[in-house]
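Small disclaimer: the values here were computed from a predicted structure and weren't measured. Throughout, numbering of the chain's residues begins at 1 and tracks the sequence.
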Amino acid sequence: MTTGLDRLRELRAQGLLEKAYDEVPGLLAQESGRGGPGAGPGTTGGGPVSAAAAGRLLGGLDADAVLAHHPSTRVVTVAVTGQSTVGHVIDPLRGELARHGLLLKPVLGEHGTYLRDLTDPGGELRAARPDLTLCLLDAATVFAQVPPVWRPEDVERAAEEALGRCAALAEGAPGTLVLNTVPLPRDRSHQLIDHRSRALLGAVWREFNARLLRLTESDPDGRLVVVDLEPLIGEGGPVTDPRLAAHAKVRLGAELLAAYAREVGHLARALSGRVRKCLVLDLDNTLWDGVLGEEGPEGVAAAGTLRGEAFGAFQKVVRQLGSQGVLLAVSSKNDEGPVLRALDTHPDLVLREGDFVRINANWEPKDANLADIARELDLGTDALVFADDSPAERALVRHGAPDVAVVALDEEPALHVTRLLADGWFDTPRLTDEDRARTGEYHRQRERRALHAGSGSHEEFLRALEVRVGLGPPRPHEFARMSQLTLRTNQFNLAGGGHPESELTALAADPARLLLAARSADRFGDNGLVGAVLGTVAEGVLHLDNMWLSCRVLARGVEQACLAVVLERARALGLSGVSARYVPTVRNHRARDFYPSCGFTRVGTGGPPDAAVRFHHDLARVPEVPAHVRITETPGGRGTDEHR
């Protein structure tokens with residue numbers, strides 16, 4: 001049977017890798033779990049796909065040719081440096097990024113030069129302006145500063161100095177800096193022959209790693225990530241190969257680097273705005289043990305037996321994900337009534353009906369059900385993760401809804417948790433209050449839909465909704481949420497793209513730039529930060545670089561209200577006009593007429609369909625805020641009873 005790697009070899013031999021780069025994610029994410037117990041995502045056919053092997057096959061890619069065939073491919077520039085030889089991480093990292101549809105542009109520092117690489121303003125790493133900077137630390141980061149004959153106290157002093165260097169690097173490193181905790185090698189700890197000193201060294205080392213992890217707490221801009229290697233070591237092989245460490249200064253082994261590259265791949269995907277938002281679960285033999293339609297509620301279990309306990313543990317993990325803003329939904333081949341009764345009354349179940357934002361229990365094909373769930377939640381199918389124990393259902397979804405990430409479960413429930421978490425689909429650099437409240441917001445969306453259904457018209461619905469909108473500078477705690485919004489929003493994202501938190505912080509501090517946060521609420525509750533406006537003032541004109549609005553509040557007049565307030569503010573400041581641009585993307589076609597609908601005129605005509613379109617507003621007649629919207633804050637600090 002042809003595996004994903006086999007197909008990659010064929011494409012490479014035929015010179016078609018660049019042209020077929022859009023096929024690579026599917027090839028590297030074929031059927032999971034068929035490589036034996038514990039096999040994680042990325043396994044195909046006869047065994048696990050090696051990210052390093054895939055990376056080697058992709059190593060000769062012509063990046064320009066890939067972009068010529070697939071211009072929307074996201075290129076991620078990654079600078080790699082460290083205490084020792086770290087180039088071995090490039091191949092697995094290239095494979096991991098390719099698995100997520102990203103294209104790696106690596107910049108490799110020289111051996112042992114991480115301090116110079118990260119501090120030299122004229123150095124190659126800084127000149128590359130990387131998205132991510134990986135600084136791989138190892139035991140030599142500390143022990144290089146320890147005298148030849150040493151005690152735990154010497155290591156403690158050296159660890160303190162190393163921690164200070166890391167904190168300093170975090171302040172000025174290019175891009176998002178990624179550090180890692182440092183394993184304590186046995187050939188270091190066991191140089192101490194008394195158990196008391198050995199225990200003290202272990203405590204010193206763990207305190208160093210704990211403080212390294214805590215550096216992220218004092219990072220206001222979200223530009224520092226520390227990868228904890230301990231969980232990766234627990235699931236992998238040895239930390240290092242003594243021969244490679246001695247002869248090539250390769251102090252982190254291939255298996256550990258591959259696991260580390262997987263984590264960095266998840267981070268790169270999240271920073272690119274490709275975080276999945278919704279976990280869709282099958283029920284029978286996925287969420288509980290047994291088949292509800294055949295055995296009835298009393299025949300399914302999530303407790304009481306060894307298998308049942310494994311399903312119960314899986315449910316607890318799912319609920320933990322839901323508590324952090326992951327939307328939960330169901331797609332099950334069952335009748336709806338028995339499913340709802342089981343979720344409401346079964347004594348074993350940890351999850352109840354209220355934990356789910358959508359329950360599709362019917363006999364429709366699951367690819368159609370997933371499309372329905374995405375539509376009802378106003379998400380793209382590329383925001384969904386689908387977990388099912390049936391190979392046939394998974395194959396149907398991969399064919400009929402290829403943008404959906406598929407988690408392959410099987411008859412061994414003890415592996416459900418491992419397989420669900422292995423690919424970090426929901427990983428995000430930082431969690432916001434809006435994330436944690438997301439499930440409640442989607443339940444309120446259901447109430448809004450009920451109000452809409454009971455209204456005589458859309459206008460009557462809007463009047464009854466009592467929409468309130470505030471537009472003003474972002475508050476210090478809002479930059480993380482605003483970054484998420486710009487990176488994840490694709491329907492109302494007028495120029496495409498987004499900004500990491502650090503960029504938004506810098507933009508807000510620039511007197512020539514305008515950065516505004518849109519907040520909304522209605523009769524059902526506070527929607528929080530739902531939009532952003534970015535502009536530049538130059539030569540008496542406000543240039544709108546981009547506008548973003550969450551799909552949750554589209555078609556309620558929020559976008560029109562925000563633009564009306566911006567135009568009014570520009571006129572109040574005495575500016576001569578406002579320019580704007582619309583850049584077509586795969587997903588923002590619904591917004592292409594937004595600027596003309598608000599009184600902007602198009603500048604120039606013609607050009608290819610995917611070219612940017614420019615608009616201008618002379619401010620002679622500014623559109624009014626929609627009558628049903630009350631403005632609670634403006635950039636000038638005014639509220640609006642006057643802006644009703």
Side-chain angles (χ1 to χ4, degrees), residues 3-5 24-55 89 92-93 95-102 180 225 227-237 254-270 274-282 286-287 310-311 313-322 324 326 328 382-391 394 397-398 404-428:
T3 68
L5 280 180
V24 172
L27 295 175
L28 299 184
Q30 289 180 11
E31 179 75 12
S32 295
R34 290 167 63 183
T43 63
T44 80
V49 163
S50 163
V89 77
L93 184 59
E96 292 292 349
L97 293 188
R99 203 157 57 85
H100 300 303
L102 305 172
N180 57 274
V225 173
V227 175
D228 190 355
L229 296 189
E230 185 174 341
L232 310 184
I233 294 167
E235 291 190 348
E255 289 189 41
L256 181 56
L257 284 179
Y260 168 84
R262 179 177 286 272
E263 297 297 309
V264 174
H266 300 165
L267 174 63
R269 183 184 63 207
R274 301 185 181 190
V275 176
R276 303 275 172 160
K277 298 178 182 179
C278 180
L279 173 60
V280 184
L281 296 153
D282 174 46
T286 294
L287 200 65
F311 284 98
F314 180 64
Q315 286 199 27
K316 290 177 182 177
V317 170
V318 170
R319 189 176 187 187
Q320 171 69 10
L321 294 176
Q324 298 167 88
V326 176
L328 306 179
D382 58 357
L384 306 185
V385 176
F386 173 60
D388 198 308
D389 68 302
S390 166
R394 296 195 300 268
V397 168
R398 278 195 301 273
V404 174
V406 177
V407 177
L409 308 178
D410 61 17
E411 67 278 359
E412 179 45 82
L415 296 177
H416 280 14
V417 171
T418 299
R419 287 175 172 153
L420 175 62
L421 300 181
D423 229 338
W425 289 116
F426 308 107
D427 287 5
T428 184

Identify the two heavy atoms, one from [X] and one from [Y], that lie closest to each other, and give their separation to 0.1 Å.
X      : Y      : answer
Leu97  : Gly265 : CD2-CA, 3.9 Å
Pro92  : Leu257 : CG-O, 4.5 Å
Arg276 : Leu384 : NH1-O, 3.0 Å
Ala414 : Ala310 : N-CB, 3.9 Å
Asn180 : Leu229 : ND2-CD1, 3.6 Å

Practice task
Measure the shortest side-chain to side-chain distance between Val227 and Leu267 over non-hydrogen atoms and say whether it is less than 4.5 angstrom.
Solution key: no
Problem - Leu287 vs Phe311 side-chain heavy atoms within contact, under 4.5 Å - result: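 SC-SC contact between Leu287 and Phe311 ruled out.
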Practice task
Mind checking salt bridge (Lys or Arg N to Asp or Glu O under 4.0 Å) for Asp389 and listing every partner two or more places apart, or none if nothing turns up?
Solution key: none
Between [atom1] of [X] and [atom2] of [Y], what distance do you get to the nearest 0.5 Å?
X      : Y      : atom1 : atom2 : value
Leu28  : Leu5   : CG    : CG    : 7.0 Å
Leu420 : Thr286 : CG    : OG1   : 11.0 Å
Asp423 : Arg99  : CG    : CZ    : 4.0 Å

Practice task
Walk me through it: do Trp425 and Leu279 pass the test side chain to side chain contact (heavy atoms under 4.5 Å, CB included)?
Solution key: CA-CA 9 Å; Trp425 289 116; Leu279 173 60; over 6 Å; no
Problem - Residues Arg419, Asp410: salt bridge by 4.0 Å N-O rule - result: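 Yes, Arg419 and Asp410 are salt-bridged.
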Handout entry: Any residue meeting ring pair (Phe, Tyr, Trp, His ring centres under 6.0 Å) with Tyr260, in chain and number order, not counting sequence neighbours
Key =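 Once residues adjacent in sequence are excluded, Tyr260 has no partner under the ring pair (Phe, Tyr, Trp, His ring centres under 6.0 Å) criterion.
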Problem - Phe386: partners by ring pair (Phe, Tyr, Trp, His ring centres under 6.0 Å), with sequence neighbours left out - result: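 So Phe386 forms no ring pair (Phe, Tyr, Trp, His ring centres under 6.0 Å) with any residue.
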Taking the side chain from [X] and the backbone from [Y], do they hold a donor-acceptor pair closer than 3.5 Å?
X      : Y      : result
Arg269 : Gly424 : yes
Arg262 : Glu96  : no
Arg274 : Asp382 : no
His100 : Pro25  : no

Exercise for the section: Check step by step if side chain to side chain contact (heavy atoms under 4.5 Å, CB included) holds for Leu409 and Asp282. Expected result: CA-CA 10 Å; Leu409 308 178; Asp282 174 46; over 6 Å; no
